[in-house]
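Below is one structure; the comments refer to it alone.
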There are 2 protein chains.
Amino acid sequence: MFDLDNYLPYLINRVGVRMSESFSARLAEFGISLGMWRVLAALNHNSDQRLSDLARLTSIEVSTLSRLVGTMQRKKLVSRARSGQDARAIRVELTREGADLTRRLVPIAQAIERTALKAISTKDAALLRRRLKGMYDNFNRP
Amino acid sequence: MFDLDNYLPYLINRVGVRMSESFSARLAEFGISLGMWRVLAALNHNSDQRLSDLARLTSIEVSTLSRLVGTMQRKKLVSRARSGQDARAIRVELTREGADLTRRLVPIAQAIERTALKAISTKDAALLRRRLKGMYDNFNRP
DNA sequence: TATTGTTATACTCTATAACTATA
DNA sequence: TATAGTTATAGAGTATAACAATA
């Protein structure tokens with residue numbers, strides 16, 4: 001038999017969708033999309049990344065990301081420049097405005113996480129994170 | 001500070017995307033999409049559902065689902081009929097072919113889950129499921 | 001009046017491939 | 001030849017609203 005109620009991909013998908021809806025609604029007040037937040041968060045984590053690194057870190061497809069970064073550049077949130085080491089690559093960076101916006105969004109992102117983790121112990125939360133990382137690694141691409 | 005490496009929405013999103021890519025590639029061999037699998041699995045779980053119930057169970061938006069079910073009906077995987085109790089509602093059911101296809105897909109779905117849970121104990125897997133359900137409920141809609 | 005489902009529109013994302021510019 | 005990124009196209013998703021049928 002197949003028990004949907006306990007099927008892990010199902011459980012992960014539905015919580016991901018719910019959380020995205022919730023977060024997107026908050027981000028809309030700032031005029032940005034969830035994809036843009038992902039780019040901001042990734043650049044806040046590692047400043048000055050190549051586009052392909054950014055794609056891996058955000059789980060956003062490269063061609064989608066190329067256009068998304070273009071939109072964010074027009075909004076003055078990020079800047080693009082050719083890499084010195086490899087003139088094929090593009091280095092993407094947060095602008096001052098992008099960094100400021102990110103700083104204002106972090107508390108909202110943390111509130112989403114707190115909502116998710118409500119009534120979950122620190123220990124269980126740590127286990128959850130480890131398991132989610134492990135699961136991700138199990139699906140590593142060829 | 002904001003630690004992306006341990007940010008739960010990030011961890012959930014990336015494993016969800018990876019798993020979806022992996023599963024979608026397998027489903028393509030059968031000529032169906034991940035969304036269609038979700039509909040099949042939901043109907044396998046509860047036969048004879050209203051479209052709005054199906055939308056909740058699959059996390060697929062109603063207007064998207066309406067068209068998706070139309071496509072699946074043309075593929076002879078599901079049938080649609082007006083409800084007896086409430087003539088506004090549509091009852092969606094698996095056809096014989098839809099049920100047969102679902103039966104063949106279940107082992108593939110289970111293989112995806114096994115890959116995800118590789119090297120995770122039964123006990124930890126059970127905890128993981130409980131926590132993911134709890135997180136989903138924390139985001140319940142108004 | 002409210003609810004269920006369908007359809008239309010505009011926008012976004014994915015997949016794919018063609019293209020450029022470098023390596 | 002291969003890689004990094006851009007752009008075009010088609011297909012599928014979301015968001016929203018208008019609509020028909022029924023409650």
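Hydrogens, waters and symmetry mates are skipped; everything else that's a heavy atom, side chains included, is used.
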Check the interface with nucleotides 15-20 of chain C: list each N/O to N/O pair with the protein under 3.5 Å, or write none.
unit_1	atom_1	unit_2	atom_2	d
C/dT16	O4	A/Ser63	OG	3.4

Those residues that, when tested against [X], pass salt bridge (charged side-chain N to carboxylate O under 4.0 Å, His left out) (two or more places apart):
| X | result |
| --- | --- |
| B/Arg130 | none |
| A/Arg103 | A/Asp100 |
| A/Arg131 | B/Asp124 |

Review point. Which residue pairs satisfy the salt bridge (charged side-chain N to carboxylate O under 4.0 Å, His left out) criterion with at least one member in residues 25-51 of chain B, sequence neighbours excluded?
Key: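 Sorted result for residues 25-51 of chain B: B/Arg26-B/Glu29, B/Asp48-B/Arg91.
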Practice item. Name all pairs fulfilling the salt bridge (charged side-chain N to carboxylate O under 4.0 Å, His left out) condition that reach into residues 109-118 of chain A, sequence neighbours left out, sorted by first residue then second. Key: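 Qualifying pairs: A/Glu113-A/Arg129.
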[X] [atom1] - [N] [atom2] separation (whole Å):
| X | N | atom1 | atom2 | answer |
| --- | --- | --- | --- | --- |
| A/Ile90 | D/dT6 | CD1 | C1' | 9 Å |
| A/Leu68 | C/dT14 | CG | P | 10 Å |
| A/Leu65 | C/dT12 | CG | C1' | 14 Å |

Practice item. Please name all residues satisfying ring-ring contact (aromatic ring centres under 6.0 Å, His included) with A/Phe30, sequence neighbours left out, ordered by chain then number. Key: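 Listed in chain order: nothing, the list is empty.
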Check your understanding: Quick one: side-chain hydrogen bond (donor to acceptor under 3.5 Å, both in side chains) partners of A/Asn46, sequence neighbours excluded?
Key ->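 So A/Asn46 forms no side-chain hydrogen bond (donor to acceptor under 3.5 Å, both in side chains) with any residue.
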Check your understanding: For A/Gln73, what residues pass the side-chain hydrogen bond (donor to acceptor under 3.5 Å, both in side chains) criterion, not counting sequence neighbours?
Key ->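 With neighbours one apart ignored, the set is A/Arg80.
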Review point. Start at the 5' end of DNA chain C and walk down; is the nucleotide closest to A/Ile60 or to B/Asp53 reached first?
Key: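 That would be B/Asp53.
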Point to revise | Those residues of residues 26-51 of chain B lying under 4.0 Å from DNA chain C by at least one heavy atom | key: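 When residues 26-51 of chain B is checked for heavy atoms under 4.0 Å from DNA chain C, the hits, listed by number, are B/Arg50, B/Leu51.
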Check your understanding: Listed in order of residue number, which residues of residues 71-88 of chain B have a non-hydrogen atom at under 4.0 Å from DNA chain C?
Key ->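 Correct list: B/Arg80, B/Arg88.
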Review point. Side chains of A/Glu61 and A/Ser63: is there a donor and an acceptor less than 3.5 Å apart?
Key: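 There is such a pair between these side chains.
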Review point. Under a single-linkage rule joining Ile, Leu, Val, Met, Phe, Trp and Tyr whose side-chain heavy atoms are separated by less than 4.5 Å, which residues share a cluster with A/Leu127?
Key: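 Taking Ile, Leu, Val, Met, Phe, Trp and Tyr as members, A/Leu127 shares its hydrophobic cluster with B/Leu127.
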